[in-house]
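The model shown is predicted, which means the values in this text are computed figures rather than measured ones.
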Amino acid sequence: MADSEVKVATSDSTARKMIFQPILEDGVFRFDCSANDKDAAFPSVSFINSKSRDAPIVSNKAPLHIPYFECRLGQQIVKLELPVGTSFYGTGEVSGRLERTGKRVFTWNTDAWGYGPETTSLYQSHPWVLAVLPNGEALGVLADTTRRCEIDLRTGCRIQFTAVSSFPVITFGPFPSPTDVLVSLSHAIGTVFMPPKWSLGYHQCRWSYDSAERVLEISRKFREKGIPCDVIWMDIDYMDGFRCFTFDKERFPDPKSLVKDLHDTGFKAIWMLDPGIKHEEGYFVYDSGSKHDVWIQKADGVPFVGDVWPGPCVFPDFTRSKARAWWANLVKDFISNGVDGIWNDMNEPAVFKTVTKTMPESNIHRGDDELGGCQSHSHYHNVYGILMARSTYEGMGLANRKKRPFVLTRAGFIGSQRYAATWTGDNLSNWEHLQMSISMMLQLVRNI
């Protein structure tokens, strides 16, 4: 249904208890504002199987902690009060310290170059809090919404989520330890994909190597100096004018030969693919995508054009199965050049020359019903990265079923570990960012 057609059953009101039902396994509960709100909730993108979030199970247990809600001007505010002495963790890819008590985060995937410890929105959205109770038990809380969501942990021992109505809240536990909570969470959102063995070694990556000769020079230096290294990464400079699925004819004239040389000396090669496709007739990717009608549209039904590295670009609508299949087949063909892994960047999606750093929230995604149907970009923005990673992962699988795919994504959503690894974004080479990287990696509970 379109955003304008969503009918939220609850109206502006004072705080009331949410209704609940047990789901998935013992100790896991789904909370909704009302039965009508439960029916109006959109499908889950975070769960492995959206139906498991919606199907009650038989259980004799009742939740120990029940959230309250109120609705104001179309916003659903959920508050969960926990015992004094509770400390908070989680919230996914965030900057700052490991403990999140006293912090506020907004889930809105953002191109956040050079972020600092107080930056409130980074490249991924994880509307999730891990609470460690005074008795040592732990409770996980997930606001299962793709929309922009405020996670406010500044008031006492209260977890507060605020997002557009209506959305369910899922609790995991309390269980004896944080590990038990994360195991239960993994039964809902899945575990990290099984990576190829070579991807566990040292990788050499920077922005950027401007020619095949420079790549080979770097690889030789590693071997000459006896420094272990298993992978070299190619940023967008390998492309012809930053056009995805192409190679610069002068600087990277023979990618297959380059990869063979790297393989002969024990290196794998990972190549970048961005979502922005140059708006240019005669460019085979643009022509093919236009023929298959896969582009995100403006509110008037015309494909949206925004500036990124190649200049004016259109963007695949990964909320549609036909667009994901189209992209996956491009990836399958791309792998034939000797590509070992793929690096998805700029997939928040990032757009240049805009204050918001992304496309208009009024843009239209003609999404599959299983994801939520036709909706504005404000609904699908936070899951654009996970859906692109899924398409890339599936394309690598099409290329060779006997090899484990390797995909790295900058943007993501809770659950994207099923398809891709992630990194800490456009950080800087300074001590502050080195320190933040430790807590950030520990917060990424998706890597379980």
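- Between Arg72 and Glu70, at least one side-chain nitrogen of the basic residue sits less than 4.0 Å from a carboxylate oxygen of the acidic one, meeting the salt-bridge criterion.
- Residue pairs meeting the salt bridge (Lys or Arg N to Asp or Glu O under 4.0 Å) criterion with at least one partner in residues 405-420, sequence neighbours excluded, are Asp111-Arg410, Asp345-Arg410, Glu348-Arg410, Arg410-Asp426.
- Side-chain atoms of Ile335 and Ile342, non-hydrogen and from C-beta on, do get closer than 4.5 Å to each other.
- Salt bridge annotation for Asp317-Arg324: absent, with no cationic side-chain nitrogen under 4.0 angstrom from a carboxylate oxygen.
- Residues passing the side chain to side chain contact (heavy atoms under 4.5 Å, CB included) test with Ser336: none are found, sequence neighbours excluded.
- At a threshold of 4.0 Å, the pair Asp144-Arg53 counts as salt-bridged, since one of the basic side-chain nitrogens sits closer than that to a carboxylate oxygen.
- Listed by chain and residue number, Met194, Pro196 satisfy the side chain to side chain contact (heavy atoms under 4.5 Å, CB included) test with Arg404 (two or more places apart in sequence, or in another chain).
- Side-chain atoms of Thr356 and Thr358 form no donor-acceptor pair, as typed in the model, at a separation below 3.5 Å.
- The ring pair (Phe, Tyr, Trp, His ring centres under 6.0 Å) test with Phe245 singles out one residue from Phe284, Trp327, Tyr283, and that residue is Trp327.
- The minimum heavy-atom distance linking Ser95 with Gly116 is given by the pair OG-O, 2.7 Å.
- Aromatic ring orientation, Tyr123 versus Tyr115: perpendicular (interplanar angle above 60°, classes split at 30° and 60°).
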Mind running ring-ring contact (aromatic ring centres under 6.0 Å, His included) on His279 and Tyr286 for me, showing each step along the way?
CA-CA 6 Å; His279 183 269; Tyr286 173 77; 5.0 Å; yes
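- Judged purely by distance below 3.5 Å, without hydrogens or angles, the side chains of Asn382 and Ser125 pair a donor atom with an acceptor atom.
- Just one residue in the list Ile270, Asp340, Leu200 forms a side chain to side chain contact (heavy atoms under 4.5 Å, CB included) with Val231, and that residue is Ile270.
- Residues passing the side chain to side chain donor-acceptor pair (under 3.5 Å) test with Thr354: none are found, sequence neighbours excluded.
- Atom-to-atom distance recorded for Ile189:CD1 and Ile48:CD1 is 8.0 Å, nearest 0.5 angstrom.
- The neighbour count for Phe106 CZ, taken as heavy atoms of other residues, nucleotides or ligands under 6.0 Å away, is above 12.
- Asn427 and Thr424 share a donor-acceptor pair across their side chains, judged by distance under 3.5 Å alone.
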Check step by step if ring-ring contact (aromatic ring centres under 6.0 Å, His included) holds for Tyr238 and Trp271.
CA-CA 8 Å; Tyr238 79 82; Trp271 306 74; 4.9 Å; yes
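- Within a 6.0 Å sphere centred on NZ of Lys51, heavy atoms belonging to other residues, nucleotides or ligands number 12 at most.
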Could you walk me through whether Tyr384 and Phe318 pass the ring-ring contact (aromatic ring centres under 6.0 Å, His included) test, one step at a time?
CA-CA 7 Å; Tyr384 190 79; Phe318 292 111; 5.3 Å; yes
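- In this view, Trp207 and Trp309 satisfy the ring-ring contact (aromatic ring centres under 6.0 Å, His included) rule, not counting sequence neighbours.
- The salt bridge (Lys or Arg N to Asp or Glu O under 4.0 Å) search around Asp274 returns none, not counting sequence neighbours.
- Using a 3.5 Å distance cut-off with no hydrogens or angles, the side chains of Asp26 and Ser59 do pair a donor with an acceptor.
- Using a cutoff of 4.0 Å between basic side-chain nitrogens and carboxylate oxygens, Lys61 and Glu25 are not scored as salt-bridged.
- Using the six-membered ring where Trp is involved, His203 and Phe406 have ring planes that are tilted, between 30° and 60° apart.
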Evaluate ring-ring contact (aromatic ring centres under 6.0 Å, His included) for His365 paired with His377, printing each intermediate quantity in order.
CA-CA 6 Å; His365 293 261; His377 183 67; 5.1 Å; yes
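- Contact detail for Ile364 and Ala299: the closest heavy-atom pair is CG1-CA, 4.0 Å.
- For the atom pair CE of Met440 and NE2 of His433, the computed distance is 8.0 Å after rounding to the nearest 0.5 Å.
- To the nearest 0.5 angstrom, Ser439 atom OG is 12.0 Å from Tyr89 atom OH.
- The OG atom of Ser165 sits 7.0 Å away from atom CG of Asp37, with the distance rounded to the nearest 0.5 Å.
- Looking only at atom types and distance, the side chain of Asn347 has a donor-acceptor partner in the side chain of Thr409 under 3.5 Å away.
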Start with the C-alpha distance between Leu153 and Thr91, add both sets of side-chain angles, then the distance that settles side chain to side chain contact (heavy atoms under 4.5 Å, CB included), and finish with yes or no.
CA-CA 10 Å; Leu153 307 175; Thr91 70; 4.3 Å; yes
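- One finds the CG atom of Asp180 at 12.5 Å from the CG atom of Leu139 (value rounded to the nearest 0.5 Å).
- Under a 4.0 Å N-O distance rule, the pair Arg30/Asp32 qualifies as a salt bridge.
- Arg147 and Ser378 share a donor-acceptor pair across their side chains, judged by distance under 3.5 Å alone.
- Within the 4.5 Å cutoff, no side-chain heavy atoms of Val169 are placed close to those of Phe69.
- Note: Gln124 CD to Trp108 CH2 = 15.5 Å, rounded to the nearest 0.5 Å.
- For CD of Gln435, the number of neighbouring non-hydrogen atoms (other residues, nucleotides, ligands) closer than 6.0 Å is 12 at most.
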